[in-house]
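Have a look at the structure below before the remarks.
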Amino acid sequence: MNFDQAIQALKASGQKLTPQRMEVLRILMDAKKPLSAQEVFATIRQAQPSISIDTVYRNLTMLTDSGLVHQTNLQNRDVSKFEFQGDEHRHYAICLNCQRNILLDLCPLEATLNSQALKQKFSVVKHAFEIYGYCADCRPDVPANA
């Protein structure tokens, strides 16, 4: 999904396209990794110095609710990361020490979740799945190449 398609998806869902919202979206789409709200805030302030952190959080929440952005590290808002996913689907393992997000190659829940939902006549719209532990750099008893 490109920027114009993301904007069209927001329009279709009835969202206003404020300059701040579009800039937050653009920052997340251009990022090579998930970003914290503080990282988004620091980047957007270069173009819009009067923007507040509350505005950034409101826009991140709205973009997350819209399904275009995914929030990781749900346990702690201060270290949460946000990532544009568009119509993709990703999950992460998160290090409890350094907060590193490690992309998982697959969704271990999707087939089982959809099967169970179908049995219960429930329609799944989205889900969140995160694994918490320690990366090899933060846990010396685990080899770095394991």
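No hydrogens, no waters, no symmetry mates; every other heavy atom, side chains included, goes into these values.
Separation of atoms SG (Cys98) and OH (Tyr134) is listed at 10.5 Å; rounding is to 0.5 Å. Taking CG of Leu17 as the start and NZ of Lys11 as the end, the distance is 6.0 Å to the nearest 0.5 Å. Here CD1 of Ile44 is found 3.5 Å from CD1 of Ile51. Values are rounded to the nearest 0.5 Å. Annotation: the span from Gln71 atom CD to Leu63 atom CG amounts to 12.0 Å, rounded to 0.5 Å. Within the model, atoms CZ of Phe41 and CG of Asp54 stand 9.0 Å from one another, a figure rounded to the nearest 0.5 Å. Between the CG atom of Asn97 and the CG atom of Asp137 there is a distance of 10.0 Å, given to the nearest 0.5 Å.
Side-chain contact between Phe3 and Arg26 is present, with heavy atoms from C-beta onward closer than 4.5 Å. Contact of the Gln38 side chain with the Ile53 side chain is registered, since non-hydrogen atoms from C-beta on lie closer than 4.5 Å.
Closest non-hydrogen pair, Pro34 versus Glu39, comes out as O-OE1, 4.2 Å. Across Met29 and Phe84, no two heavy atoms sit closer than the pair CG-CG, 3.5 Å. Residues Lys16 and Arg21 come closest through the heavy atom pair O-NH1, 2.8 Å.
Screening Asp65, Leu25, Val24, Thr55 for a side-chain contact (heavy atoms from CB on, under 4.5 Å) involving Leu60 leaves a single residue, Val24.
Within 6.0 Å of the CZ atom in Phe122, the count of heavy atoms belonging to other residues, nucleotides or ligands does not exceed 12. Atom CG of Asn2 has more than 12 neighbouring heavy atoms from other residues, nucleotides or ligands inside a 6.0 Å radius.
The closest donor-acceptor contact from the side chain of Gln48 to the backbone of Arg45 lies at 3.5 Å or more, if one exists at all. In this structure, Glu23 contributes its side chain and Gln20 its backbone to no donor-acceptor pair below 3.5 Å.
Inspection of the Thr61 and Arg58 side chains reveals no N or O donor paired with an N or O acceptor under 3.5 Å.
The cluster map of Ile, Leu, Val, Met, Phe, Trp and Tyr, joined by side-chain heavy atoms under 4.5 Å apart, puts Ile102 and Leu35 in different clusters.
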Go through it in stages, so that I can follow the logic: the residues are Met1 and Leu68, the test is side chain to side chain contact (heavy atoms under 4.5 Å, CB included), and I'd like the CA-CA distance, side-chain angles, deciding distance and then a yes or no.
CA-CA 10 Å; Met1 177 179 284; Leu68 292 175; 3.6 Å; yes
